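Here's the structure we're looking at; comments come further down.
Fair warning: this is a prediction, and the values are worked out from it, not measured in the lab. So you know, we letter chains A, B, ... as the sequences are listed, proteins then strands, and number each from 1.
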Number of protein chains: 2
Amino acid sequence: MEENENLKLENQICFPLYSVSRLITRAYKPYLDTMGLTYPQYLVLLVLWEKDEQTVNQIGKKLLLNTNTLSPLIQRMQKNGLLLRTRSSEDERTVKVNLTRKGLDYKEQARNIPKDLLGKLLNEDVQVTDVMLLKKTLDSWIEILNNEKEMNINSEK
Amino acid sequence: MEENENLKLENQICFPLYSVSRLITRAYKPYLDTMGLTYPQYLVLLVLWEKDEQTVNQIGKKLLLNTNTLSPLIQRMQKNGLLLRTRSSEDERTVKVNLTRKGLDYKEQARNIPKDLLGKLLNEDVQVTDVMLLKKTLDSWIEILNNEKEMNINSEK
DNA sequence: TGCGATTATGTCGTGCACGATGCAAATGTA
DNA sequence: TACATTTGCATCGTGCACGACATAATCGCA
């Protein structure tokens with residue numbers, strides 16, 4: 001391969017990932033604006049809709065976010081009346097996060113967002129099978145890249 | 001499909017995109033730290049390595065970033081001695097961005113990053129053909145989502 | 001030619017991400 | 001039981017993203 005080809009923007013795999021991620025967040029915006037949510041806040045709700053009353057840490061593990069990102073984010077969500085934070089009595093270090101009625105009710109309103117969005121992302125070039133394959137690749141990469149991070153932490157000991 | 005399945009985190013396509021994008025930026029970090037670059041700054045260099053002396057707008061069109069993101073970013077890069085900004089004499093509104101010697105020299109140092117990284121992302125589950133298919137899907141989505149944005153702008157007129 | 005619309009860049013405010021660091025509670029162990 | 005270590009949460013500083021808005025230069029057209 002010609003030596004410069006590696007560095008051409010059009011040959012990058014990371015750049016389209018970065019761009020699509022941002023563009024999709026943008027595509028979510030009109031839906032989420034009606035509820036006063038940001039995309040990361042919506043992700044926190046997804047986690048809590050599946051199982052209410054989780055600690056900051058548990059939510060972070062599922063979203064692959066650290067507490068220095070999550071803590072302020074969850075505090076903003078509390079300020080907006082979406083959830084409640086209560087320090088656990090069994091383990092005073094942990095903070096349990098519970099949905100409020102408002103946070104719970106938004107589940108109904110959010111139900112059709114993913115399907116709507118997926119509809120926009122399908123065309124003659126991109127079929128459902130392509131999306132499933134893409135998801136499989138991404139999930140595998142999450143596995144690889146997230147484990148690598150943990151390996152680095154452990155190797156520093 | 002059961003009504004709640006849509007909202008399960010594991011069934012989302014957008015969440016893995018968002019996570020992988022962040023994890024890959026993180027994977028770039030050790031390489032870029034040696035040059036004192038961030039990932040978006042590295043993207044600007046990629047654009048300028050292909051063709052030096054471009055306006056802020058031209059760079060933004062290629063990276064799908066607006067000037068309110070790019071201007072401060074490019075200013076920081078100038079402060080770090082990677083490039084120069086000069087207001088054009090033909091059109092006083094535009095700012096031409098040129099690489100410095102330092103910014104140009106980093107090209108050599110960056111050459112093997114993408115190949116290195118791609119190596120980590122391949123395994124028995126993810127082959128090169130999967131990555132090519134993934135890129136094709138992402139490029140198609142960039143087309144769709146970016147055009148949609150422009151359509152919204154035009155329809156507001 | 002005059003003047004309203006458009007264009008290119010930039011500032012400001014808000015909300016992530018995330019590395020570095022702090023602190024208190026819980027845990028492990030000599 | 002002391003005390004070092006780990007764990008969970010949080011704050012702080014920096015750098016994106018991006019909507020809203022400002023400003024000056026250019027363009028379009030009556």
Side-chain angles (χ1 to χ4, degrees), chain A residues 18-30 32-33 36-44 54-61 63-80 85-97 146 149 152-154 156-157, chain B residues 18-30 32-33 36-44 54-61 63-80 85-97 146 149 152-154 156-157:
Chain A
Y18 156 83
S19 297
V20 168
S21 173
R22 284 173 34 237
L23 289 169
I24 284 192
T25 301
R26 198 179 294 170
Y28 262 98
K29 196 168 187 308
L32 299 180
D33 274 352
L37 290 172
T38 65
Y39 183 69
Q41 289 174 13
Y42 162 76
L43 291 179
V44 170
Q54 301 195 53
T55 66
V56 176
N57 224 350
Q58 288 173 320
I59 298 170
K61 281 217 171 71
L63 298 182
L64 311 181
L65 288 171
N66 289 325
T67 56
N68 54 358
T69 298
L70 265 185
S71 285
L73 197 159
I74 288 175
Q75 284 167 19
R76 280 188 290 272
M77 292 178 78
Q78 182 176 31
K79 197 179 290 179
N80 293 339
R85 292 156 60 249
T86 28
R87 208 156 272 274
S88 163
S89 50
E90 303 109 54
D91 186 339
E92 284 284 340
R93 294 170 304 176
T94 67
V95 168
K96 287 187 293 187
V97 180
N146 203 41
K149 177 190 165 192
N152 287 338
I153 291 170
N154 292 335
E156 280 165 14
K157 288 182 187 171
Chain B
Y18 156 82
S19 297
V20 168
S21 172
R22 282 174 35 237
L23 289 170
I24 284 192
T25 301
R26 198 179 294 172
Y28 262 98
K29 196 167 187 310
L32 299 180
D33 274 351
L37 291 171
T38 65
Y39 183 69
Q41 289 175 12
Y42 163 76
L43 291 179
V44 170
Q54 300 195 55
T55 66
V56 176
N57 223 353
Q58 288 173 320
I59 298 171
K61 281 216 171 72
L63 298 181
L64 310 181
L65 288 170
N66 289 325
T67 57
N68 54 358
T69 297
L70 264 185
S71 284
L73 197 159
I74 288 175
Q75 285 167 17
R76 280 187 291 271
M77 292 178 77
Q78 182 176 31
K79 197 178 290 179
N80 294 337
R85 292 156 60 249
T86 28
R87 207 156 274 275
S88 163
S89 50
E90 303 107 58
D91 186 340
E92 284 284 340
R93 293 171 303 176
T94 67
V95 168
K96 288 187 292 186
V97 180
N146 203 40
K149 177 190 165 192
N152 287 339
I153 292 170
N154 293 335
E156 279 164 14
K157 291 183 186 171

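Proximity of a side-chain donor or acceptor of A:Arg76 to a complementary backbone N or O of A:Gln41 within less than 3.5 Å is not detected. Although no hydrogens or angles enter the test, the distance criterion places no donor-acceptor pair under 3.5 Å between the side chain of B:Asn66 and the main chain of B:Asn68. No donor-acceptor pair closer than 3.5 Å links the side chain of A:Arg87 to the backbone N or O of A:Lys96.
What separates CD of B:Glu92 from C1' of D:dC27 is a distance of 16 Å, to the nearest Å. In this structure, CD1 of A:Ile59 is placed 11 Å from P of D:dA10, rounded to the nearest angstrom. Taking atom CZ on A:Arg85 and atom C1' on D:dC9, their separation rounds to 9 Å, with Å as the unit. In this structure, the CG atom of A:Asn57 is 15 Å from the P atom of C:dA26, given to the nearest Å. A straight line from CG of A:Asp33 to C1' of D:dG19 spans 10 Å, rounded to a whole angstrom. Computed from coordinates, the B:Gln54 CD to C:dT9 P distance equals 11 Å when rounded to whole Å.
Using cut-offs of 30° and 60° on the angle between ring planes, the pair B:Tyr28 and B:Tyr42 is tilted.
Counting non-hydrogen atoms under 4.0 angstrom, B:Thr55 reaches the backbone sugars and phosphates but no base. Among the heavy atoms of the strands lying under 4.0 Å from A:Glu90 are primed sugar atoms or P, OP1, OP2 only; no base atom is included.
Side-chain N/O atoms of A:Asn66 include none lying less than 4.0 angstrom from OP1 or OP2 on C:dC18. Between B:Arg87 and D:dA25 there is no side-chain N or O to OP1 or OP2 distance below 4.0 Å.
Summary of the strand contacts: A:Leu70 and B:Asp91 both lie near DNA chain D, and taking for each the nucleotide with the nearest heavy atom, the more 5' one is attributed to A:Leu70. Along DNA chain C, the nucleotide closest to B:Val56 and the one closest to B:Lys29 are compared, and the more 5′ of them pairs with B:Val56.
Here the OG1 atom belonging to A:Thr25 is positioned 9.0 Å from the CG atom belonging to A:Leu32, to the nearest 0.5 angstrom. Between atom CZ of residue B:Arg26 and atom OG of residue B:Ser19 there is a gap of 9.5 Å, rounded to the nearest 0.5 Å.
Contact of A:Arg93 with D:dT7 (side chain to base): a donor-acceptor pair of N or O atoms is detected under 3.5 Å.
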For nucleotides 11-17 of chain C, 5' to 3', base contacts (B), sugar-phosphate-only contacts (S) and non-contacts (-) with protein non-hydrogen atoms under 4.0 Å give B---SSB
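Nearest heavy atom pair, residue A:Pro72 against residue A:Thr67, reads CD-O, 3.9 Å.
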